[in-house]
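Notes for the one structure printed next.
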Protein chains: 2
Amino acid sequence: MMGKLTREAVVEQALEIGSAEGLQAVTIRRLAQELGVTPMALYWHFKNKEQLLIGMADHLIEGFVIAEDHARPWQEQLRELVTGLVRVLRHYPCAAAVLEEVDHMTVPNFLRVWDTALGLAKQAGFSYEENCLISKYLLQGAIALAAGPMSRRPSASSEERAECLRVKRATLQSLPPDVYPHIVEMAGPLIDGGTTELYDTFGVDILMTGIETMAARLRTG
Amino acid sequence: MMGKLTREAVVEQALEIGSAEGLQAVTIRRLAQELGVTPMALYWHFKNKEQLLIGMADHLIEGFVIAEDHARPWQEQLRELVTGLVRVLRHYPCAAAVLEEVDHMTVPNFLRVWDTALGLAKQAGFSYEENCLISKYLLQGAIALAAGPMSRRPSASSEERAECLRVKRATLQSLPPDVYPHIVEMAGPLIDGGTTELYDTFGVDILMTGIETMAARLRTG
DNA sequence: ACCTGAACACCGTTCAAGT
DNA sequence: ACCTGAACACCGTTCAAGT
């Protein structure tokens with residue numbers, strides 16, 4: 001709110017608003033108001049709103065450094081890259097939402113992570129095209145995981161969130177059991193989805209197990 | 001444009017606009033104009049725009065029927081469910097975008113597919129929570145696959161799309177090779193991502209292989 | 001270089017009123 | 001039941017002008 005109106009200050013304020021009230025609250029006009037400035041002032045620093053979102057996405061991954069250890073197996077390193085990315089994205093509740101809204105190719109720091117993933121995937125022994133897809137799936141999976149529980153309505157005061165979950169579970173439970181038998185039965189675990197640790201590890205486990213198993217099949221014929 | 005202004009007519013017109021010009025072109029006012037009616041007329045048929053999007057999502061999956069064959073193995077059936085869903089979503093270029101914008105739990109036909117997936121996942125032998133996550137990952141994966149190549153700017157006339165891809169590839173190739181070595185090297189396959197068949201099958205293969213391998217480990221210890 | 005004022009062309013939505 | 005007119009409170013963006 002004080003200090004110079006720099007690109008970084010704008011981006012950080014945007015991430016703050018997005019994390020506190022949801023990404024839809026991040027508007028040029030609202031942002032300007034929060035920064036004590038005219039909406040048009042932002043257009044000197046960003047060509048348009050898309051560039052602002054790209055700046056937000058880039059800022060999110062800025063602090064994510066990947067230790068390239070050429071000695072350790074690629075499986076281990078790939079798994080660490082994915083879980084590390086998820087952990088970094090969890091710093092801002094709106095992080096996943098931001099990354100879902102921008103073209104990843106336009107975000108320099110995302111390209112940096114992607115490049116590392118691509119280099120590791122190459123060691124698995126798949127074709128070029130398959131390596132590209134594997135790296136895409138893993139990064140996409142990381143974003144999906146980071147978007148997982150909560151992070152949707154970040155404003156809610158944990159009492160509100162609990163209330164929201166209760167309403168959702170009740171909605172599922174009151175569905176006609178003859179057409180949605182399993183959904184009604186599993187309404188509980190479907191909504192709060194088990195512990196956060198299970199949620200964060202299980203998805204990566206499935207993906208990495210699939211990749212490793214298929215890589216092993218390549219070698220054995 | 002002619003005929004009665006029914007819920008279905010509105011939804012179909014919305015999907016048509018979204019598929020021809022992108023989902024961001026689907027606006028209450030634009031929709032009303034295309035239907036030869038006042039914007040407020042739509043508010044008699046839909047409470048708000050969110051309900052319209054839910055209606056669009058529901059309509060997309062309407063024609064997707066899953067043959068429940070209790071004799072065949074669950075792996076086979078789950079894979080068929082995912083590929084079938086992808087195929088149905090491909091009917092409208094904006095389908096994946098619609099599903100990414102709505103809460104899946106509010107879409108009856110999506111719940112129907114989810115229920116089937118949940119029932120099949122239960123046969124794998126995982127815990128309740130893990131079954132829920134598996135079904136989520138598979139459906140989420142199907143949507144991601146359907147959003148894959150093209151479907152982003154559906155208006156582009158295949159010449160424009162080719163031009164757009166060429167620009168993107170050139171962008172990647174002209175990146176500094178010392179910081180993005182693998183990206184620059186793989187710019188080609190990264191952009192056009194191999195054949196469509198590879199794109200559609202490889203993702204499901206990884207997920208299903210991961211699930212099957214982990215399920216097998218449960219049984220063997 | 002950095003910011004403001006005024007204006008344009010859009011949004012979704014409400015509410016009273018028409019038939 | 002089904003639709004319209006007028007209005008409200010928003011958007012992103014441009015363009016000339018200020019300092």
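So you know, we letter chains A, B, ... as the sequences are listed, proteins then strands, and number each from 1.
Contact check, A/His45 against C/dA1: no side-chain N or O comes under 4.0 Å of OP1 or OP2. Dashed line: the shortest gap from a side-chain N or O of B/Thr27 to OP1 or OP2 of C/dG12 is under 4.0 Å.
A/Ser19 and A/Glu16 are not linked by any side-chain donor-acceptor pair at a separation below 3.5 angstrom, with hydrogens and angles left out of the test.
Picking from D/dG12, C/dT14, C/dG5 the nucleotide with the shortest atom distance to the side chain of A/Tyr43 gives D/dG12. Closest contact between the side chain of B/Val37 and the listed nucleotides C/dT13, C/dT4, D/dC3 involves D/dC3. Considering only the side chain of B/Leu5, D/dC3 comes nearest among C/dG12, D/dC3, D/dT13.
Here the shortest heavy-atom pairing between A/Leu175 and A/Val184 reads O-CG2, 3.6 Å.
Remark: A/Arg112 does not engage A/Glu62 in a salt bridge, criterion side-chain N to carboxylate O under 4.0 Å. Taking a cutoff of 4.0 Å between a charged side-chain nitrogen and a carboxylate oxygen, B/Arg30 and B/Glu21 qualify as a salt bridge. Ionic pairing of B/Lys168 and A/Asp103 is present here: one or more N-O contacts between side-chain nitrogen and carboxylate oxygen are shorter than 4.0 angstrom.
B/Leu35 places its CG atom 11 Å from the P atom of D/dT4, with the value rounded to the nearest Å. Whole-Å rounding puts the A/Phe46 CZ to C/dC2 P distance at 13 Å. As a whole-Å value, the separation of B/Leu53 CG from C/dG12 C1' is 12 Å. The CD1-P distance, from A/Ile28 to C/dC8, rounds to 21 Å in whole Å. As a whole-Å value, the separation of A/Gln24 CD from D/dG12 C1' is 16 Å. Counting to the nearest Å, the P atom of C/dT14 and the NZ atom of B/Lys49 are 14 Å from each other. Atoms CZ (B/Arg29) and P (D/dT4) sit 14 Å apart, rounded to a whole Å. Between the CG atom of A/Leu42 and the P atom of D/dC11 there is a distance of 13 Å, rounded to whole Å.
With a cut-off of 3.5 Å on both Watson-Crick or G-U wobble distances, the partner of C/dA6 is given as D/dT14.
The nearest heavy atom of DNA chain C to B/Arg30 and to A/Trp44 marks one nucleotide each, and the one closer to the 5' end goes with A/Trp44. Comparing A/Ala25 and A/Met40 along DNA chain D, the residue whose closest nucleotide (by nearest heavy atom) sits nearer the 5' end is A/Ala25.
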